[in-house]
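Presented below is the structure to which this report refers.
Order of the sequence lines sets the chain letters (A, B, ...), proteins ahead of strands, with each chain counted from 1. Predicted, not measured: the structure shown is a model, and the values here were computed from it.
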Number of protein chains: 2
Amino acid sequence: MPDCAHMISAPLRALSNSKRLTILRWLRDPTSHFPPQRDGDLVVDGVCVGFITKKIGLSQPAVTEHMQILADAGLVSSKKIRNWVFYKLDDEQVRTFLAALSETLEIPKPR
Amino acid sequence: MPDCAHMISAPLRALSNSKRLTILRWLRDPTSHFPPQRDGDLVVDGVCVGFITKKIGLSQPAVTEHMQILADAGLVSSKKIRNWVFYKLDDEQVRTFLAALSETLEIPKPR
DNA sequence: ATCCTATATAGGAAATATCTTATATGCCTG
DNA sequence: CAGGCATATAAGATATTTCCTATATAGGAT
């Protein structure tokens, strides 16, 4: 396995902001935090920017930027449907990141 | 279990800086990255500020600040011996943090 | 006491992050 | 095509982070 240091930097920076961490917690379990959507399923498609904006109380451009940072880090994926953009936690990538972080921080196994 | 959100924010901010992440990787396995110390064992006591400063190529005050951020986040512990200060990865707290982060990011189990 | 070494603190400069308002783009409806 | 809605981009203000130099503190040796 190659040195995966740079692979965890972007997610760590993305997670270092408390607003983004809050959003990720919402996306982890969207039906508990958002009302049903007409044009896209909360779980299947993700949560639209407008819902996140309303709930977090920031301007819409600020939320867009936060979501792009999360997407660039690979922690969420986005899907455009009509003129909505739905963001969804990327379970696979989250697990990969968590594994890489453990690998980076935990004491190396003796051999 | 209480909401442990704020418990992971400080470590995440501490980890979001690449210099600090590099230092943590060194501290994870100090004997592979630093020469033996006269007045404190690399593994038992930790690594002194001077060694880290020399290796990372920043000013000593910058390193001191980085180490304080890591210590405030609970990721490292410090031990003063004579006029040295040794920093050491806190395995227990690192594991606690990793578990809390997984708890925060992973899909809640159905029940 | 004086000097040398190791680390911490103070102050401030420069870079980066966060956020807002204004505007652009793109899709849908009538 | 005109208008409305959802999101993205642009520009810039403010806040925070990162880093340096200068200085303080503290222990050990001469």
Between CG of D72(B) and C1' of dT17(D) the distance, given in whole Å, is 15 Å

Can you list everything that forms a side chain to side chain contact (heavy atoms under 4.5 Å, CB included) with S102(B)? Sequence neighbours excluded, please. L98(A), E106(B)

Length of the line joining I81(B):CD1 and dG28(D):P, which is rounded to integer Å: 12 Å

Give me the first and last nucleotide of DNA chain C, going 5' to 3', that has any atom under 4.0 Å from a heavy atom of chain A. dT16(C) to dC28(C)

Near DNA chain D, counting only heavy atoms under 4.0 Å, which residues of residues 62-71 of chain A show up? T64(A), Q68(A)

Under 4.0 angstrom, heavy atoms only, what part of the nucleic acid is F51(A) near: base, sugar-phosphate, or nothing? nothing

Taking CZ from R82(A) and C1' from dG4(D), how many angstroms apart are they, rounded to a whole number? 15 Å

Residue list, side chain to side chain contact (heavy atoms under 4.5 Å, CB included) with A99(A), at least two apart or on another chain: none

If you look only at pairs with a residue in residues 52-71 of chain B, which of them pass as a salt bridge (Lys or Arg N to Asp or Glu O under 4.0 Å), with sequence neighbours excluded? none

Partners meeting side chain to side chain donor-acceptor pair (under 3.5 Å) with T64(B) (sequence neighbours left out): Q60(B)

Calculate the interatomic distance between L21(B) atom CG and dT18(D) atom P; express it in whole Å. 13 Å

Round to the nearest Å and state the distance from F86(B) atom CZ to dG27(D) atom C1'. 13 Å

Could you work out, with side chain to side chain donor-acceptor pair (under 3.5 Å) as the rule, every residue matching D29(A), not counting sequence neighbours? S32(A)

Pairing of DNA chain C as dot-bracket, 5' to 3': ( ) intra-strand, [ ] crossing, | other strand, . unpaired, with Watson-Crick or G-U pairs under 3.5 Å? ||||||||||||||||||||||||||||||

Side-chain N,O (R13(B)) to OP1/OP2 (dT16(D)) below 4.0 Å: no

Let's see if you get this right: which residues in residues 32-48 of chain A place a heavy atom under 4.0 Å from DNA chain D? C48(A)

Interatomic distance where CD belongs to Q60(A) and C1' belongs to dA6(D) [whole Å]: 7 Å

Rounded to whole angstrom units, what separation is found between the NZ atom of K54(A) and the P atom of dC5(D)? 12 Å

Apply side chain to side chain donor-acceptor pair (under 3.5 Å) to K79(A) and list each qualifying residue two or more places apart in sequence or on a separate chain. D45(A)

Please report, to 0.1 Å, the donor-acceptor pairs under 3.5 Å made by any side chain of residues 80-93 of chain B, with sequence neighbours excluded.
| unit_1 | atom_1 | unit_2 | atom_2 | d |
| --- | --- | --- | --- | --- |
| K88(B) | NZ | V44(B) | O | 2.9 |
| D90(B) | OD1 | E92(B) | N | 3.3 |
| D90(B) | OD1 | Q93(B) | N | 3.1 |

Is a side-chain N or O of R28(A) found less than 3.5 angstrom from the main chain of L105(B), in a donor-acceptor match? no

Any sub-3.5 Å donor-acceptor pair from R20(B)'s side-chain atoms to H66(B)'s backbone N or O? no

What integer distance in Å separates K80(A):NZ from dA6(D):P? 13 Å

Under 4.0 Å between a side-chain N or O of K19(B) and OP1 or OP2 of dC19(D)? yes

Apply side chain to side chain donor-acceptor pair (under 3.5 Å) to S16(B) and list each qualifying residue two or more places apart in sequence or on a separate chain. none

